[in-house]
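Numbers restart at 1 for each chain; the letters A, B, ... are given by sequence-line order, proteins then strands.
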2 protein chains.
Amino acid sequence: MALRHAVLAALIEGEFSGYQLAKAFDVGVANFWYAQPQQLYAELARLEKEGLVAGREVAQEGRPNKRLFRVTDAGLAELEAFTAASAKPAVIRDDLLVKVQAADRVDTAALVAQLTERAGMAQAKIALFGALLRRLRGDRTEEEFLRHGDRIGPYLTCLRGVAFEQENRDWCTRTIAVLEERRQARARH
Amino acid sequence: MALRHAVLAALIEGEFSGYQLAKAFDVGVANFWYAQPQQLYAELARLEKEGLVAGREVAQEGRPNKRLFRVTDAGLAELEAFTAASAKPAVIRDDLLVKVQAADRVDTAALVAQLTERAGMAQAKIALFGALLRRLRGDRTEEEFLRHGDRIGPYLTCLRGVAFEQENRDWCTRTIAVLEERRQARARH
DNA sequence: CTTGCATAGTCATGAATGTGAGTAGTCATT
DNA sequence: AATGACTACTCACATTCATGACTATGCAAG
């Protein structure tokens with residue numbers, strides 16, 4: 001049950017609609033969790049029923065009405081309790097790692113293609129996160145911002161996202177190089 | 001459906017029983033996937049029914065009999081197909097990130113405790129993976145091994161595991177430092 | 001002499017997550 | 001005038017993952 005806490009954590013930034021959250025949790029800036037829109041709507045409904053978030057209808061013209069949610073005091077207390085509880089260790093779970101684990105017995109060309117694609121995606125995310133970090137800290141340096149800024153939570157998680165994707169990219173390019181070199185070595189015989 | 005492929009990938013290393021796989025997929029060397037014993041037994045049963053792995057009973061004395069599994073040709077073909085298919089992007093999903101995202105509104109002390117614990121766990125994993133890497137490459141250098149060794153798949157995934165845990169540890173210590181400094185700065189006022 | 005741990009598994013159940021499809025209006029493009 | 005894209009959300013179902021409890025046997029430490 002960590003999705004509910006991820007939603008609560010996202011909502012301490014301000015009021016958001018399910019649709020806005022869905023954007024944030026999807027492809028874009030899912031730097032600390034990922035979820036499908038359907039999950040979010042369902043979770044928001046549950047959270048509201050339990051009084052951890054409060055929603056209010058906002059009429060719009062030219063587009064459908066929306067419901068904005070904010071965290072209640074009970075929601076904050078729930079987050080507090082969640083933070084105090086010990087976190088389960090995070091594990092990597094990546095299709096690509098499974099494929100590389102099997103690298104010695106499967107077609108290398110297909111694998112290299114996958115790795116190349118992934119390296120590109122990682123690079124794109126690095127750029128995205130970099131822009132987000134600059135936006136968050138404004139004209140301050142990182143040190144300055146982390147010392148005196150308010151709302152450093154999103155910044156810190158984003159830093160982790162950047163580091164993860166850099167690692168991702170570097171490992172992909174390294175692995176590609178290794179696989180390519182071995183392929184050429186085999187071809188020479 | 002990536003667990004099945006993770007099992008297949010693990011089995012190209014040789015014959016293993018469900019129990020042995022469970023050990024490898026659990027706390028120890030889950031450097032490319034993680035699963036509970038029950039999942040593995042269930043998956044192995046399914047894979048055998050579909051002919052992707054073949055099991056054979058091995059009688060033992062002093063301990064229960066076991067069933068060793070190996071990948072069949074059909075299993076290798078399945079792995080091949082899996083490798084060719086495009087991998088879904090890996091996302092971080094970590095309770096700890098959710099907690100840090102909420103850092104601006106929850107108790108910092110509890111959070112720092114969590115981060116400290118996690119940093120320690122990461123450090124332990126780094127040591128574990130380091131030992132595994134040395135065992136895998138024997139007396140060769142890494143370059144040498146990656147160029148000419150056979151079965152480099154596990155080595156490459158383990159490299160990724162090490163890098164991930166180092167990143168993990170560094171980010172934890174950095175985040176701890178930031179939170180602590182802010183706490184002290186607040187205390188001075 | 002019994003408590004606890006390791007081997008080697010099975011069964012059942014619930015929670016979390018993913019996927020596909022559908023509704024309904026607005027706006028811009030072709 | 002139709003097609004597709006964006007906002008905003010809902011329903012239903014399937015798959016995957018996690019959890020606890022349980023059965024056996026053998027071995028070693030206290």
- prompt: Is B:Arg70 close to B:Leu68 at the side-chain level, that is, under 4.5 Å between some pair of heavy atoms?
  reply: no
message: I want to check something: taking the side chain as every heavy atom from C-beta on, are A:Ile152 and B:Arg182 in contact at a cut-off of under 4.5 Å?
response: yes
- prompt: Would A:Lys99 and A:Glu117 pass as an ion pair if we require N to O under 4.0 Å?
  reply: no
Figure out the [atom1]/[atom2] separation between [X] and [N], and round it to whole Å.
X	N	atom1	atom2	result
A:Tyr41	C:dT23	OH	P	17 Å
A:Glu61	C:dT26	CD	C1'	12 Å
A:Gln39	D:dC13	CD	C1'	14 Å
B:Gln60	C:dG9	CD	C1'	12 Å
A:Asp95	C:dG18	CG	C1'	13 Å
B:Leu47	D:dT16	CG	C1'	15 Å
B:Arg67	C:dT7	CZ	C1'	17 Å
A:Arg63	D:dA8	CZ	P	5 Å

- request: Give a yes or no on whether the backbone of A:Lys88 and the side-chain of B:Arg118 come within a donor-acceptor separation of less than 3.5 Å.
  value: yes
message: Keeping A:Gln166 on the side-chain end and A:Ile126 on the backbone end, is there a donor-acceptor pair under 3.5 Å?
response: no
- prompt: How is A:Gln38 classified with respect to the nucleic acid when contacts are heavy atoms under 4.0 Å: base, sugar-phosphate, or nothing?
  reply: base
- prompt: Contact class for B:Arg4 (heavy atom, under 4.0 Å): base, sugar-phosphate, or nothing?
  reply: nothing
Measuring to OP1 and OP2 of [N], would you say a side-chain N or O of [X] lies under 4.0 angstrom away?
X	N	result
B:Gln36	D:dA18	yes
A:Ser17	D:dT7	no
B:Tyr19	C:dT7	yes

- line: Testing D:dA8, C:dT17, C:dT19 for proximity to the side chain of B:Arg93, the answer is C:dT17
message: Starting the side chain at C-beta, find the nucleotide from D:dT7, C:dG18, C:dT17 nearest to A:Lys23.
response: D:dT7
- prompt: When you match A:Gly62 and B:Leu68 each to their closest nucleotide on DNA chain C, which lands nearer the 5' end?
  reply: B:Leu68
- request: Between A:Lys88 and B:Arg46, just flag the one whose closest nucleotide in DNA chain D comes earlier from the 5' side.
  value: B:Arg46
message: Please compare A:Phe69 and B:Ala2 by the position of their nearest nucleotide in DNA chain D and report the one closer to 5'.
response: A:Phe69
